[in-house]
Amino acid sequence: MSKIDLSNISHSYNPNETNPVYALNPFSMTWQDGARYAILGPSGCGKTTMLNIVSGLVRPSAGKILFDDKDVTDLKTEDRNIAQVFQFPVIYSTMTVYENLAFPLKCRDFPQNKIDERVNSVSETLNLKAFLNQPARKLTADQKQLISLGRGLVREDVAAVLMDEPLTVIDPDLKFRLRRNLKEINEKYKTTLVYVTHDQNEAMTFADNIIVMSEGEVVQTGTPKDLFERPNTTFVGYFIGSPAMNLFETEAVSQSEVKIGSVKIKTSTDLSKIKNKKIKLGIRSEFIDVIEKEGENTVKAKVKKIEDFGNFKLLTAVAENFIIKSKIDREKPISDGEINLHIPAEKCCVYENEKLI
Ligand code: ADP
Ligand code: MG
């Protein structure tokens with residue numbers, strides 16, 4: 001396993017044209033040895049490009065890749081000691097499941113007892129033990145993907161296992177179990193795992209560290225809690241969470257207050273240095289509550305819709321011309337008419353030019 005540094009990396013697939021398009025804008029980042037990362041962002045934002053730069057399939061237009069402080073930028077994939085799992089399974093169809101899993105170890109001349117031990121352990125974790133002697137081509141699509149995953153996981157000596165949307169072909173129930181298995185593998189073998197996905201739930205349930213990308217930029221790196229509570233940009237607030245963060249066009253009216261329509265809302269942000277009074281206020285629907293009496297930081301609103309999601313209710317309300325969404329306790333009685341919504345100051349995020357102040 002290795003610590004991986006991406007230092008001032010950027011990439012264009014057409015660097016020599018007059019107007020090169022950058023699939024990745026310059027960024028630097030460190031992946032700690034043994035941790036679990038998810039690279040999360042919509043299709044086309046540069047996730048695969050980033051992963052392929054680490055594995056060596058793509059050479060970055062600028063910057064360096066270091067494994068344990070050793071520059072590997074010019075090393076070929078084979079020489080980087082990386083295991084990569086792709087969206088669709090790659091298996092040796094003429095071999096048995098056992099032979100597929102053993103292959104990376106055989107190629108590196110591991111002793112037979114070590115091969116047996118690793119193949120047994122990994123096949124147990126991935127529920128492939130019963131199929132070890134079967135020809136790999138006879139297995140279902142998701143089992144084949146498990147073999148691909150397994151081949152990445154059998155080697156203890158890899159710098160990292162890189163997975164690019166690996167569970168796309170796998171059904172939802174099994175996906176959940178597999179993500180848990182991957183976590184177990186990470187804890188047991190201390191394998192650095194990097195998991196690319198466009199699905200926030202996958203990212204949040206799998207990783208301790210999430211790298212959020214948008215249009216070739218790394219917009220935030222943090223824990224699920226960081227991304228949920230303090231999104232760095234309005235994009236992260238909108239992209240992470242369900243429903244998306246409430247975002248209001250507001251105006252600063254004092255050093256800590258903004259106005260939503262005609263209502264003043266206190267925030268815990270220092271607004272004394274903003275350049276433009278027009279700023280955005282972000283607040284998660286989870287933090288907005290319906291309260292009896294109006295008071296500080298309450299907004300009068302009309303109930304527009306209440307959706308019952310079983311474990312909570314999602315309330316959509318209208319205040320002047322703002323739509324406010326609030327997640328409320330499913331037992332809480334809500335009147336049909338006018339209600340008071342409380343927006344806690346300490347949960348407010350304020351954005352200037354879409355960036356958190
Ligand atoms: P993601 O994996 O997040 O969907 P990619 O890294 O595949 O994103 O792509 C990022 C951008 O680079 C996209 O605009 C895509 O069209 C472009 N791109 C990806 N691969 C190539 C390539 N081989 N040649 C030219 N452009 C590419
Ligand atoms: Mg991709």
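Values below: every heavy atom of this structure, side chains too, minus hydrogens, waters and symmetry copies. Order of appearance sets the numbers: ligands from 1, and atoms from 1 within every ligand.
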Which protein heavy atom lies closest to [atom], and at what distance to 0.1 Å?
| atom | value |
| --- | --- |
| atom 27 (C) of ligand 1 | Tyr13 CD1, 3.3 Å |
| atom 1 (P) of ligand 1 | Gly44 N, 3.5 Å |
| atom 9 (O) of ligand 1 | Thr49 OG1, 3.9 Å |

Nearest candidate to atom 2 (O) of ligand 1, where distance is taken over non-hydrogen atoms, out of Asn14, Asn52, Thr48: Thr48

The one among His198, Glu165, Lys47 that brings a heavy atom closest to atom 3 (O) of ligand 1: Lys47

Residue of the set Lys280, Lys277, Lys278 for which salt bridge (charged side-chain N to carboxylate O under 4.0 Å, His left out) holds with Glu251: Lys278

Contact check: Gly46 vs ligand 1, nitrogen or oxygen atoms, below 3.5 angstrom: yes

Residue pair Pro231 / Cys349, side-chain heavy-atom distance below 4.5 Å: yes

Side-chain heavy-atom pair Asp208, Thr223 within 4.5 angstrom cut-off: no

Geometric class of the Phe206/Tyr195 ring pair [parallel <30°, tilted 30-60°, perpendicular >60°]: tilted

Under 3.5 Å side-chain donor-acceptor pair for Thr48 and Asp164: yes

Residue-ligand contact Ser43/ligand 1, heavy atom below 4.0 Å: yes

